[in-house]
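Basis for what follows: all heavy atoms, side chains included, without hydrogens, waters or symmetry-related copies. Since we're looking at a predicted model, the values are computed, not measured.
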Amino acid sequence: MNNSNIIPNDKVTNEVNRGQHHSGRTVFRESAKVVFSVTGPAELVAVDNGDLSSSEPYNNNRMHLYHGCVSTVIRLTGEQGRVVLSAASEGMYPARLVINVN
């Protein structure tokens, strides 16, 4: 999750985050709890992992991976700048996504 996107400043973006092996393969059996943070002109709106039996709240900054995946919804504030979505989980390398808003 280290790429950079350029998007207009009045949008909501949905990012899918995957637990990956150091070779880049998704680890589908991974269920670690991932904690997200956002800096820049944006806010974290929701998280979801697609598990219909999960009772974890959507309006939180953390969620367990389900089959190695979790999604975030980010709302841009309308200002230009650099948004950084960071993800951290115990026992895994941290990751970040940079979004340039113009």
Side-chain angles (χ1 to χ4, degrees):
M1 190 170 86
N2 257 342
N3 55 343
S4 179
N5 297 320
I6 298 176
I7 57 177
N9 66 5
D10 60 348
K11 302 294 180 192
V12 173
T13 181
N14 179 26
E15 302 297 335
V16 177
N17 308 281
R18 294 178 174 85
Q20 292 185 333
H21 185 265
H22 63 83
S23 66
R25 292 185 323 236
T26 300
V27 183
F28 292 103
R29 294 187 177 154
E30 184 58 62
S31 61
K33 180 169 52 174
V34 182
V35 179
F36 296 97
S37 63
V38 175
T39 60
E43 61 182 348
L44 183 64
V45 176
V47 293
D48 186 22
N49 63 9
D51 182 0
L52 298 176
S53 65
S54 175
S55 62
E56 293 179 276
Y58 298 118
N59 61 344
N60 211 335
N61 71 331
R62 60 189 164 274
M63 184 165 281
H64 287 88
L65 295 169
Y66 178 64
H67 292 292
C69 296
V70 64
S71 295
T72 56
V73 177
I74 301 168
R75 180 183 303 123
L76 304 177
T77 62
E79 301 170 11
Q80 292 185 0
R82 182 174 180 243
V83 175
V84 178
L85 170 64
S86 299
S89 181
E90 187 174 324
M92 301 177 83
Y93 292 115
R96 67 185 199 141
L97 171 71
V98 177
I99 302 171
N100 294 307
V101 181
N102 56 14

Residues Asn61, Val35; criterion side chain to side chain contact (heavy atoms under 4.5 Å, CB included); working and verdict: CA-CA 6 Å; Asn61 71 331; Val35 179; 3.8 Å; yes

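- Here the closest heavy-atom approach between residue Val47 and residue Pro57 is recorded as CG2-O, 4.1 Å.
- For the atom pair OH of Tyr66 and OG of Ser71, the computed distance is 13.0 Å after rounding to the nearest 0.5 Å.
- Residues Val34 and Ala87 share a closest heavy-atom pair of CG1-CB, 3.8 Å.
- Nearest heavy atoms, Ala32 versus Ser89: CB-OG, 3.3 Å.
- Residues in residues 49-73 take part in no salt bridge (Lys or Arg N to Asp or Glu O under 4.0 Å) pair, two or more places apart or across chains.
- The structure places CZ of Phe36 at 9.0 Å from CE of Met63, a figure rounded to the nearest 0.5 Å.
- With rounding to the nearest 0.5 Å, the separation of CG in Leu44 from OG1 in Thr39 is 12.0 Å.
- Taken from OG in Ser86 to CG in Leu97, the straight-line distance is 9.0 Å, to the nearest 0.5 Å.
- The minimum heavy-atom distance linking Ser31 with His64 is given by the pair O-CD2, 3.2 Å.
- Considering all non-hydrogen atoms of both residues, Val98 and Arg82 come closest at CG1-NE, 3.4 Å.
- Considering every non-hydrogen atom in both Asn49 and Cys69, the closest pair reads CB-O, 3.7 Å.
- Between Val83 and Leu76 the shortest side-chain heavy-atom distance falls below 4.5 Å.
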